[in-house]
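What follows is one structure encoded as C-alpha cells, with my remarks underneath.
Lettering of chains follows the sequences in order, A, B, ..., and the numbering in each one begins at 1. Because only heavy atoms are used, hydrogens play no part in the values below, and waters and symmetry mates are left out as well, while side chains stay in. Remember, predicted model here, so these are calculated numbers, not experimental data.
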Amino acid sequence: MKISVQINEGPYQHQSSDSAYNFVKAALDKGHDIVRVFFYHDGVNNGTRLASPPQDDRNVQQRWSDLSKEHNLDLVICVAAAQRRGIVDDGEAERNGKDATNIMDGFHISGLGQLIEAAVESDRLVVFGD
Amino acid sequence: MKISVQINEGPYQHQSSDSAYNFVKAALDKGHDIVRVFFYHDGVNNGTRLASPPQDDRNVQQRWSDLSKEHNLDLVICVAAAQRRGIVDDGEAERNGKDATNIMDGFHISGLGQLIEAAVESDRLVVFGD
Amino acid sequence: MLHIVNKSPFEKDSFTSCMHHAAADSTVILIEDGVYAALKGSAVEGDLSKAKVVALSSDVAARGIEGNIADGVDLVDYAGFVDLVTDGNGVQSWV
Amino acid sequence: MLHIVNKSPFEKDSFTSCMHHAAADSTVILIEDGVYAALKGSAVEGDLSKAKVVALSSDVAARGIEGNIADGVDLVDYAGFVDLVTDGNGVQSWV
Amino acid sequence: MAGEIKQFLYVNRKAPYGTVYALESLEVVLIGAAFDQDVRLLFMDDGVFQIKKDQNTEASGLKNFSPTYNALGDYDVNKIYVSKESLDERGLTQDDLMPLVYEDEDDDWAEKSSIKIVSADEIRDLMEGSDVVLSF
Amino acid sequence: MAGEIKQFLYVNRKAPYGTVYALESLEVVLIGAAFDQDVRLLFMDDGVFQIKKDQNTEASGLKNFSPTYNALGDYDVNKIYVSKESLDERGLTQDDLMPLVYEDEDDDWAEKSSIKIVSADEIRDLMEGSDVVLSF
C-alpha cells in the first residue's frame with residue numbers, strides 16, 4: 001500500500017519524529033511503499049546536519065538520512081516552514097543571502113504542494129505531531 | 001530589580017519567544033536590570049542566523065540580536081540542548097567536527113550552570129515555555 | 001477509521017475529544033504519552049469502552065506501565081500499528 | 001506569588017491545576033492562549049473566583065475576545081505584567 | 001491517480017497565535033485549493049478560536065492572519081464546519097465568528113455563508129466520510 | 001549574593017519521553033546540585049510519571065534516563081515531593097514509583113526514602129515558600 005507521513009515537530013523536543021521513524025521502518029519491513037516523508041512546522045528541524053547529540057542517545061537527524069539512503073526515501077522539508085526556522089540548502093542560501101547551509105544529506109527543500117500531492121497519490125497519510 | 005528570563009521554545013512554533021521579548025523590552029523600559037536571557041530546550045533555535053521569515057511578519061531571531069546590541073543583553077544558549085538540535089558556533093563546530101556554524105550575532109553558547117547562576121543572582125526568574 | 005492519540009488524557013483534551021467523536025466501530029491507537037489513557041483505575045478509564053482501544057507496546061514499556069493497563073486494551077507493536085493503518089478505511093491523528 | 005498561565009484551559013490542564021494549587025491571595029496572569037480562561041460564560045468561568053485573575057491585554061486583543069471577558073478580570077499591558085512580577089514575593093510559570 | 005477526486009478534511013483543533021499550527025495550516029489549505037479535490041474545513045475544540053472575529057494583533061507584535069480566512073471563498077473553499085459543542089463550552093455563538101462567505105456560481109453568484117454549525121454526530125460523519133484527514 | 005542560600009523548587013508537571021522536558025529538567029537539577037542552594041523537587045500532574053518504576057525503552061529506541069533519578073540522593077537532592085491527588089487520578093500509588101532513597105549523614109548514614117507524598121495544601125505551601133521556581 002502507498003503511505004505518506006507528515007512530521008510536525010523537531011527532534012528530541014517531541015517524540016513525533018521517533019514515532020514516525022519507527023512507523024516508517026515497520027511499514028518498509030512489511031513491503032509497503034513510502035511515497036514521501038514531509039517535514040512541516042518545527043518538523044523541518046529534523047533536517048539539520050549540525051547536531052551532535054550525546055553518544056549514549058539515538059541520533060534522530062542522522063537516522064532519517066541513513067534510512068533515506070537505504071530505501072531511497074523522499075524526505076521533503078517545507079520551504080516556507082524552513083525559512084521561518086533557518087533550515088537552508090545551497091539554493092535557499094543563495095536566494096536569501098545566507099553565508100552557510102545546514103541541511104543534512106538525504107533531505108531536500110520543496111513547496112507545500114508536495115504534501116497535498118503525497119496525500120492525493122497515497123492510500124494513507126499518517127500525521128505525527130505534538 | 002534584577003530579572004532573568006528562561007525561554008523553552010523555538011521561534012514561530014510557539015509564542016513563548018515573542019512573549020519573553022515583549023516582557024524583556026517592557027522590563028528594560030522600566031529600568032530593571034536583565035541579568036540574563038537563557039535559551040533552553042527548543043529555545044536554542046532562537047539563536048540561528050539562517051532564518052528568512054516572510055517580509056510581512058516579525059523576525060523573531062533578529063529581534064533578539066538587535067535588542068542584545070542595544071542593551072548589552074546576555075543571551076545564553078544551553079550547550080547540551082544546542083548539541084541535540086544543531087545550533088553551532090565556531091568553538092562547537094571545531095569540537096564536533098561540523099563544517100558550518102549557524103549562530104546569530106549576540107548569542108553565545110554556554111553551560112546549564114549559567115541558568116542556575118542567573119536564578120541565584122536575580123531577584124526573579126521568569127520562565128516562558130509551551 | 002483508525003484514530004491516533006499521542007497525548008496524555010490528563011494533560012490535553014485530545015483523548016477525550018477523540019473518544020467523544022469517534023464512531024463506536026472505530027479503533028483508537030494510543031501512542032507516545034497517549035498510552036497513559038490506558039491506565040487501570042484512572043479518572044478516564046470509563047472512556048475506554050466507547051471504541052476499540054489498543055496501545056503501542058514499546059511506548060507502554062518505555063513508561064513502565066505494562067502492569068497497569070486496563071482490561072480490554074490490547075498491546076500492538078509497530079508492525080501491528082502499520083496493519084491498523086492499512087486496514088480499514090482511513091486514519092486520523094488527534095494532534 | 002504571581003502565577004503565569006499561558007495555555008488554553010480547554011486544551012491543557014495548567015489553568016485548572018494552577019487555580020487548584022494557588023493560594024487565595026495570589027495573582028494569576030493569563031498570557032498567550034491562557035487568556036481564553038477569562039471568557040465569560042465558558043465551562044471554566046467558575047474557577048476565576050479562586051484567586052485574583054488578570055489577563056494580558058495584547059494577547060486578549062490578538063484573539064479578538066475583548067468583548068467576551070468575564071467580570072472581575074482586569075486587563076494589564078506588558079508594563080503591568082512586569083510590575084506584577086516585581087511586586088509580591090515570587091513568580092511561577094505553569095508551563 | 002490523475003483525475004481522482006478525494007475528500008480532504010482539515011481538522012483544526014488549536015487556537016491561533018499561541019502556536020503556529022493555525023497559521024501554517026491555513027497555508028496548506030490555500031496551496032491545497034489549487035489541487036482539484038473536495039475540501040472541507042472543520043473547526044472544533046480550540047480551533048473555533050481561529051475564526052473569532054475582531055482579532056487585532058497590533059499591540060502583540062504578532063502577524064494577524066485572520067483576514068485570510070475571508071479569502072477562502074475566493075479559493076472555492078466554502079464548506080466550513082464549526083462544532084456547536086465547542087462554541088458552547090467556550091461561551092461563544094456563531095455571532096462571535098467572522099462571517100465567512102462565498103459567491104454561489106450556481107445561484108447567480110449570490111453571497112452565501114460558508115459556515116455550518118454541526119453536532120458531534122455530524123462531525124463523526126464528516127470524519128468517516130473523508131479520504132484524507134489533515135490534522136493541525 | 002555570595003553565600004546566600006535560596007529555596008529552589010523544581011516543578012515537574014510533564015510526562016517523560018513524549019517530550020524532552022523531563023530529561024532536560026533532570027540535567028538542570030544535576031548541574032544545580034553543584035550550587036549550594038536548598039533544592040526541592042515536586043512531581044505533580046503528569047510529572048508523577050517521571051518516577052514510575054519499571055521504565056524500559058529498549059523497543060522504543062528512546063534513551064532510558066529513569067535510572068538517573070536514583071542518583072539524586074548522592075547529589076544531596078533528597079527532598080522529593082509527589083502529589084497524592086495526581087497519583088490517585090492516574091490510578092497509581094507510591095508502590096508504583098521508584099524507591100528513591102538517600103543516606104542520612106546525621107543518622108549514621110541510614111538509608112531513608114527521599115519521597116514524601118503531599119496534599120494540594122502542602123503543594124501550595126511548598127510553592128509559597130520558594131525563592132526560585134523552575135518549571136518544566
Side-chain angles (χ1 to χ4, degrees), chain B residues 5-30 34 37 39-48 50-71 73 75 85 104 106 126-130, chain E residues 10-34 41 43-75 77 86 90 92 96 98 100 133-136:
Chain B
V5 167
Q6 178 185 335
I7 300 175
N8 293 342
E9 302 297 330
Y12 301 102
Q13 187 91 345
H14 297 85
Q15 201 187 336
S16 23
S17 183
D18 294 281
S19 301
Y21 174 81
N22 288 326
F23 178 84
V24 166
K25 268 213 314 185
L28 290 168
D29 284 347
K30 284 187 160 282
I34 301 293
V37 181
F39 295 86
Y40 197 40
H41 306 303
D42 266 5
V44 301
N45 290 328
N46 285 285
T48 178
L50 298 186
S52 310
Q55 298 285 340
D56 63 347
D57 203 351
R58 79 275 189 210
N59 188 325
V60 175
Q61 299 91 331
Q62 186 65 51
R63 277 193 320 197
W64 280 115
S65 180
D66 295 343
L67 195 69
S68 152
K69 275 171 213 155
E70 198 179 334
H71 295 278
L73 279 186
L75 306 182
R85 294 165 180 84
M104 167 92 88
V126 186
V127 180
F128 292 89
D130 181 22
Chain E
Y10 292 88
V11 179
N12 300 287
R13 294 184 56 252
K14 291 180 174 146
Y17 305 117
T19 54
V20 82
Y21 305 103
L23 165 61
E24 290 188 337
S25 163
L26 190 54
E27 293 180 351
V28 177
V29 172
L30 294 176
I31 297 285
L41 266 59
F43 296 91
M44 63 185 291
D45 297 331
D46 277 356
V48 301
F49 291 131
Q50 293 182 27
I51 50 173
K52 176 75 177 70
K53 66 182 180 188
D54 299 332
Q55 296 177 32
N56 178 350
T57 61
E58 211 169 314
S60 70
L62 302 167
K63 176 177 164 181
N64 184 353
F65 59 98
S66 65
T68 308
Y69 293 101
N70 290 310
L72 288 174
D74 302 333
Y75 284 82
V77 176
S86 300
R90 287 156 185 80
L92 302 179
D96 288 297
M98 293 188 277
L100 305 180
V133 181
L134 286 141
S135 314
F136 292 96

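- Other residues, nucleotides and ligands contribute over 12 non-hydrogen atoms within 6.0 Å of the NZ atom of E/Lys52.
- Within residues 61-69 of chain E, the residues having any heavy atom under 4.5 Å from a heavy atom of chain B are, by residue number, E/Gly61, E/Leu62, E/Lys63.
- Contact residues of residues 9-19 of chain B toward chain E are B/Tyr12, B/Gln13, B/His14, B/Gln15, B/Asp18 (heavy-atom distance under 4.5 Å).
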